[in-house]
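Numbers restart at 1 for each chain; the letters A, B, ... are given by sequence-line order, proteins then strands.
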Protein chains: 2
Amino acid sequence: MPSIRDVASRAQVAVSTASAALNGTRPVAAATRQRVRQAAEELGYRPNLLARGLQSRRTRILALLFPAPHSGFGLTEMRFATAAAEAASELGYHLLLSPETGDPIEELRHLTGLGLVDGVLLMEVSLDDERVGFLLEAGVPFSMIGRTRKPGPIDHADIDFAATARDAVAHVAGLGHRKLAFFNLSPGTYAAQYGPAIRAGEEFAAAARAAGLAYVDDFRPGSAEEGGQAFERLIEAHPDVTALAVMDDHAAVGVIAAVARRGWRIPRDLTLMLVLSSARVAEMFHPRLTTMEPPSAELGRLGARMLIDRLRGDTPPQARLVPCRLVPGDSSGPPRKGSSEAGGKRKATGGMGS
Amino acid sequence: MPSIRDVASRAQVAVSTASAALNGTRPVAAATRQRVRQAAEELGYRPNLLARGLQSRRTRILALLFPAPHSGFGLTEMRFATAAAEAASELGYHLLLSPETGDPIEELRHLTGLGLVDGVLLMEVSLDDERVGFLLEAGVPFSMIGRTRKPGPIDHADIDFAATARDAVAHVAGLGHRKLAFFNLSPGTYAAQYGPAIRAGEEFAAAARAAGLAYVDDFRPGSAEEGGQAFERLIEAHPDVTALAVMDDHAAVGVIAAVARRGWRIPRDLTLMLVLSSARVAEMFHPRLTTMEPPSAELGRLGARMLIDRLRGDTPPQARLVPCRLVPGDSSGPPRKGSSEAGGKRKATGGMGS
DNA sequence: GTGAAAGCGCTAACAC
DNA sequence: GTGTTAGCGCTTTCAC
């Protein structure tokens with residue numbers, strides 16, 4: 001592998017000139033630059049990243065802190081990672097996939113102490129994430145996919161839960177539904193202060209209220225079995241619910257089974273939608289479920305971009321919220337007949353459904 | 001961030017001694033070593049990977065060449081990546097996630113020319129993968145998850161398709177089925193010489209033959225719609241088929257719908273199994289599908305381990321084949337009545353079902 | 001068993 | 001506009 005000295009001698013210039021010609025760090029005569037470029041080309045020269053990094057204190061390597069898979073399907077997390085890697089790659093950066101196994105802070109301390117990475121991309125940020133404080137204090141540049149309770153001036157890209165909830169509620173309300181139920185993620189996820197669970201919970205409630213829809217969100221099934229049970233209890237307590245939004249894929253499986261057991265059909269008797277699930281997953285269902293699909297790839301891209309922006313210069317902190325995309329499936333329809341106190345008339349008052 | 005000089009001076013030794021004490025590269029008096037260790041500890045010293053790599057020509061960084069997502073569900077690929085990253089991490093290595101976007105060879109040339117990585121982990125290896133020749137020629141250490149047609153002495157970890165097919169066929173035969181159909185991946189995947197498609201195709205045929213099962217594998221549906229059509233044509237042409245193994249998740253969705261349209265039920269009228277799909281995905285179905293689940297995490301781990309073994313010393317080339325795991329679901333059962341020329345008797349001859 | 005010094009390949013002062 | 005030189009932090013001869 002040729003070094004810059006080989007390039008310099010072949011182009012008949014000093015190494016510093018070769019370096020400058022290649023990097024544009026100082027003015028070089030056009031003719032000289034041309035000679036150097038050509039020599040580099042002919043030799044197949046590639047700058048050694050280690051040497052460059054050692055000197056310049058910048059490696060152009062980013063670390064993506066990849067959480068141990070727990071909640072959800074994993075497909076979403078993968079899209080973050082690959083999209084971030086692609087975006088980084090386009091901008092001349094590399095992405096290190098750093099799985100978090102033990103103590104997050106200790107691992108972060110280790111990773112950043114190596115001098116290997118210029119910055120860190122945080123995933124699965126909880127509302128009071130301890131890693132944020134550490135990175136801030138250590139002066140390590142970072143950006144978040146997700147966000148803490150009050151992200152303040154920290155770069156982050158996250159789902160716009162308010163818009164997502166609004167769109168989902170509008171979809172359901174537009175079909176004529178008057179009462180919506182929402183199954184959040186499992187209590188464990190909730191207890192871990194997992195942002196999406198908490199924010200989606202709040203925003204769906206607010207959006208339903210704003211739209212004048214009656215609303216139930218007492219259930220947090222984390223498995224197919226719990227999903228089925230939750231649905232049965234839901235219908236028992238609220239027989240007038242005609243639409244249901246579910247966060248957990250597996251819970252949705254249970255709901256669908258319970259719906260069938262009851263002799264109901266989707267969407268005739270229940271409008272069912274998945275929230276924060278990949279359309280890829282929604283296609284596995286029968287009927288294909290309407291989904292609020294998270295903009296995973298875009299968040300990954302944005303996370304990488306804003307981190308690189310930060311590394312490059314003094315951009316102001318960026319906060320980007322991107323709503324989920326409504327992917328209509330075959331599980332959405334008008335409310336079933338006889339679901340409310342009155343029988344037929346839909347789109348009636350717009351007032352509070354009791 | 002303290003350097004080794006800080007450690008050396010605090011421990012009152014020369015830099016070289018400090019280095020030796022920390023790395024064990026040459027004998028150091030126990031007392032001295034202790035002093036150095038303690039100094040390092042007190043200072044929170046972390047060796048700079050760049051400096052070390054520049055000198056030693058070894059960075060302890062591995063690159064995982066991550067293919068642009070095309071076939072399959074992606075969940076499997078993600079498990080490779082995370083498992084490989086975890087295994088690498090446990091062995092003191094880092095994993096770079098390198099998405100392949102443009103010309104694979106050009107990108108490989110670039111990546112390996114940077115001096116950043118010690119070795120490369122190849123995913124989605126096709127039967128005649130061009131990257132292999134390049135890496136061999138360039139002398140870059142690598143291992144494969146998957147394998148070429150004749151991997152020869154190249155380290156690789158792959159699915160044991162023969163054992164997988166044998167187990168799947170045994171499962172079906174054990175339930176009394178006499179005729180099995182197999183839906184392979186889409187023709188495009190096949191044409192791309194995607195190993196799993198071709199090997200699974202061959203091995204299922206061989207296993208069925210060996211088990212004395214009649215066998216049909218004329219279909220390669222790549223979507224739900226094609227899956228449904230394929231199923232209809234299959235039953236028309238082969239009304240005595242009672243068991244079906246499907247490679248493509250989406251095709252399975254279509255099959256299930258077509259089964260229902262026909263008034264059939266699973267598993268009463270058809271035993272359906274998914275091949276090479278995560279159990280996570282199989283749970284999304286109704287009923288929960290029996291699956292031959294690929295050992296993704298183990299393959300990722302093995303791939304990383306064998307690459308690191310190669311980097312560390314002169315181990316002989318390793319070839320590890322791991323079978324898929326049969327995860328029984330609710331989609332397996334005895335063959336439906338009236339499916340063969342004779343009516344009732346199952347487990348009869350064991351001879352060739354015509 | 002320990003220390004001094006060279007140098008990995010590059011960038012960035014600093015002279016000219 | 002270009003060349004010379006001094007390191008970045010580490011490992012590794014080579015003396016002692």
All N/O pairs under 3.5 Å across the protein-nucleotides 13-16 of chain C interface:
from, atom 1, to, atom 2, distance (Å)
C:dA13, N6, A:R26, NH1, 3.4

Check the phosphate of [N] against [X], side-chain N and O only, distance under 4.0 Å to OP1 or OP2. Yes or no?
X: A:R57; N: D:dG9; value: yes
X: B:R58; N: D:dT11; value: no
X: A:N48; N: C:dC8; value: no
X: B:R52; N: D:dG9; value: no

Answer yes or no: is there an ion pair linking [X] with [Y], defined by an N-O contact shorter than 4.0 Å?
X: B:R109; Y: B:E106; value: yes
X: A:R58; Y: A:D118; value: no
X: B:R131; Y: B:E107; value: no

Can you tell me how far [atom2] of [N] sits from [atom1] of [X], to the nearest Å?
X: B:L22; N: D:dG9; atom1: CG; atom2: C1'; answer: 13 Å
X: A:L49; N: C:dT11; atom1: CG; atom2: C1'; answer: 14 Å
X: B:Y45; N: D:dT11; atom1: OH; atom2: C1'; answer: 10 Å
X: B:R5; N: D:dG7; atom1: CZ; atom2: C1'; answer: 9 Å
X: B:L50; N: C:dC10; atom1: CG; atom2: P; answer: 14 Å
X: B:R35; N: C:dT2; atom1: CZ; atom2: P; answer: 8 Å
X: B:L114; N: C:dG9; atom1: CG; atom2: P; answer: 14 Å
X: B:L54; N: C:dG7; atom1: CG; atom2: C1'; answer: 9 Å

Can you identify which nucleotide, out of D:dT2, C:dT11, D:dC10, has its nearest atom closest to the B:A51 side chain?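 The listed nucleotide nearest to B:A51's side chain is D:dC10.
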Given D:dG3, D:dG9, C:dT2, the nucleotide with the shortest approach to the side chain of B:T17: C:dT2
Of B:S19 and A:T32, whose nearest nucleotide on DNA chain D comes first from the 5' end?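 Looking at DNA chain D, the more 5' nearest nucleotide goes with A:T32.
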Can you check whether [X] reaches [Y] side chain to side chain, under 4.5 Å on heavy atoms?
X: A:S126; Y: A:T148; value: no
X: A:H94; Y: A:S89; value: no
X: B:T76; Y: B:P294; value: yes

Touch class at under 4.0 angstrom, heavy-atom based, for A:V13 against every strand present: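 Answer is sugar-phosphate: A:V13 comes under 4.0 Å of backbone atoms only.
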Run B:L135 and B:L108 through side-chain contact (heavy atoms from CB on, under 4.5 Å) and show every step you take. CA-CA 8 Å; B:L135 289 170; B:L108 215 38; 3.9 Å; yes
Base of D:dG7, side chain of A:Q55 - is there a donor-acceptor contact under 3.5 Å?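 A donor-acceptor contact between them is present.
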